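Only one structure is covered here, and it is reproduced in the block below.
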Amino acid sequence: MAAKKTWVLLLSIKQDHFHFVMAELRALAEMMKIPTHHFSDADCALNNVRFNLKEDNDITEAKLREMCSRSISIYGLYELWEEGASYEEVHNNFRENDDSLRAPFYEKEFAFEIELIHRKKMTMPERIRKFDSFANCLPMRGKINLKNPQCKITIIENYGVPKDNSPRGEDDLIYVTVGRFLCNGQRNLIVKYAVSNRIAVGNTSMDAELCLFMTNLAQVRAGSLVFDPFCGTGSMLLTSAHFQSMVIGSDISWNVMMAKGKSARMGQENRKPNETLRGALEGYDLGDKCVDSLVIDNNINPWRTIDDGWFDAIITDPPYGVREKCEKIGTSKKFDDWIDFDGTHFPDKVAYNLNDVFADLMKFSNKHLRLGGKLVFWYPVSTVLEHGKLLYPRHPSFELFADCEQVLNMRTSRILLVYSKIKSQHSEDVDASGDVLSLQNGFRDIYFQPCPPGTKPEERKQWRPKQAEK
Ligand SMILES: C[S@@+](CC[C@H](N)C(=O)[O-])C[C@H]1O[C@@H](n2cnc3c(N)ncnc32)[C@H](O)[C@@H]1O
């Protein structure tokens, strides 16, 4: 019987992104039809940053390569050759274990490389000594080709998480893995879609890495129809279009959608005419992915309801009223006689309650997202008040798929909530009005009530705003 392959999926995890990484892997695994239990949190502690996956009916190299073609959490994919707690153990394994999987590469042009986990630097003499140490156990007979090798042999060294901040050295090595490099993940997209590289930029434009997480958590595919009802400069629509989905964005701000008014760019007074959603997409040669960009108040949106929703994914960052206004069309003025609109009227705007923003978003998604589609949005929370799954907005049509926290400061966080639409809006147990359980979110109370001046650093965490003490 032919030997089964094992692959190493090496991850790139920043400490505060652990839950984003795990959620992304599970979302992509689900897309590629790989059972998600292969990517459990427990199997991937921070000091490990990798998964070993054995070949079976569900796991194939093609599926893993496809995951890599999407993932920003995956650093690289390797076919495992040998591993062990020390170089000596790995060398012995090379000598003693069946080599039928690697033997076809012995005659190929090759190169060695080293990837370091939890160690920053390694001198060239140390690297060369380590490459040379395989001369007696790995019979590579092809030419060395550093530029374009047919077989790149990667040594992955893990030094373990340092207990203090002291730099790790050769003696701290805890595990060595040797494998054949297959492909990288998509971390290069973080630079490509960096805010500084985009045509349209606003004060609340979303960081590229988070946009890519959101896009992957929404499981967008080629041809998916993706909508952002609070699109601003369209950050998440850019990354969705990158994966070949068709995008529609809307926003209440006429200025943002039409590229009018003041620019958020340093040293630039007004927005340039191409700083629209379409212009931003064209900047990446993705203009053909733009279905439309519209000026709409999500509170009174004009979308026609059809039997089943027609968006494949709704990805958004609603306003929290901190850096951008949280408003809807309305008027607080009392008129004796109603105004006779002459076609030049621009409606007034009134404050949009934070809980209503999320309730409206879920009701909207209940009507317009297709069954099985994903709703992905940020939900701000105050960490000094009680928060957790029970306080997230809930709706009978939606099941929580993932929740990933990003700490904003000592007292506030925002949670990336990902819901799957599991019921049609016409299901018997879905309330026709699509009511949303949306509990009072204390985010704004805390955000706008900073600790009084002079509060000592050690007292800041314990400090509670007046309203929470009642
Ligand atoms: C956090 S920003 C979104 C930023 C966006 N993700 C980007 O990358 O530029 C929220 C956006 O919601 C818009 N907004 C506020 N109230 C709205 C409403 N009632 N309907 C639609 N959009 C609204 C604001 O104009 C703002 O552009």
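Computed from a predicted model, the values in this text were never measured in an experiment. Computation of the quantities below employed the complete heavy-atom set of this structure, encompassing side-chain atoms and omitting hydrogens, waters and symmetry-equivalent molecules. We count ligands from 1, going down the list as the structure has it; atoms in each ligand are counted the same way.
When Cys231, Gly234, Ala280 are checked for heavy-atom proximity to atom 5 (C) of ligand 1, Cys231 turns out nearest. Taking only non-hydrogen atoms, the option from Arg198, Met214, Met236 nearest to atom 6 (N) of ligand 1 is Met236.
Salt-bridge annotation for Lys5 and Glu55: absent, with no side-chain N of the basic residue lying under 4.0 Å from a carboxylate O of the acidic one. We find that Glu157 and Arg168 are not joined by a salt bridge, their nearest charged nitrogen and carboxylate oxygen being 4.0 Å or further apart.
For ligand 1, the polar-atom distance check finds an N/O of Ile252 within less than 3.5 Å of one of the ligand's N/O atoms. Not one N or O of Ser253 is nearer than 3.5 Å to an N or O of ligand 1, by distance alone. Considering backbone and side-chain atoms alike, Asn299 places every N or O at 3.5 Å or more from each N or O of ligand 1. For ligand 1, one of its N or O atoms has an N or O atom of Ser235 under 3.5 Å away. Where the criterion is an N or O separation shorter than 3.5 Å, residue side chain and backbone included, Asp317 fails it with respect to ligand 1.
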Chi angles and distances behind the side-chain contact (heavy atoms from CB on, under 4.5 Å) call for His19, Leu416 = CA-CA 10 Å; His19 291 109; Leu416 184 61; over 6 Å; no
Please test Phe358 against Tyr392 for ring-ring contact (aromatic ring centres under 6.0 Å, His included), starting from the C-alpha separation and ending with a verdict.
-> CA-CA 10 Å; Phe358 296 104; Tyr392 299 161; over 10 Å; no
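Close contacts of ligand 1 with Pro229, meaning ligand atoms under 4.0 Å from a residue heavy atom, involve 21 (C), 22 (N). Close approach of ligand 1 to Asp297 (heavy-atom distance below 4.0 Å) involves ligand atoms 18 (C), 19 (N), 20 (N). Numbered from 1 in the order shown, with element, the atoms of ligand 1 that lie under 4.0 Å from a heavy atom of Met206 read 8 (O). Interface of Ile296 with ligand 1, defined as ligand atoms under 4.0 Å from a residue heavy atom, comprises 20 (N), 21 (C).
In Tyr175, the OH atom is crowded: over 12 heavy atoms of neighbouring residues, nucleotides or ligands sit closer than 6.0 Å.
Proximity of Thr233 to ligand 1, defined as any heavy-atom pair under 4.0 Å, is shared by backbone and side chain alike. With a 4.0 Å cut-off on non-hydrogen atoms, Val256 does not touch ligand 1 at all.
For Thr316, the side chain to side chain donor-acceptor pair (under 3.5 Å) partners two or more places apart in sequence, or in a different chain, are Asp228.
Taking the six-membered ring for Trp and thresholds of 30 and 60 degrees, Tyr419 and Phe377 have nearly parallel ring planes, at less than 30 degrees apart. Aromatic ring orientation, Phe227 versus Phe311: parallel (interplanar angle below 30°, classes split at 30° and 60°).
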Please table the atom pairs, donor to acceptor, closer than 3.5 Å between any side-chain atom in residues 276-287 and protein atoms at least two apart or in another chain.
{"unit_1": "Thr276", "atom_1": "OG1", "unit_2": "Gly279", "atom_2": "N", "d": "3.0"}
{"unit_1": "Tyr284", "atom_1": "OH", "unit_2": "Lys192", "atom_2": "O", "d": "2.8"}
{"unit_1": "Tyr284", "atom_1": "OH", "unit_2": "Asn197", "atom_2": "O", "d": "3.3"}

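Contact between Asn301 and ligand 1 is absent, with no heavy atom of the residue lying under 4.0 Å from the ligand.
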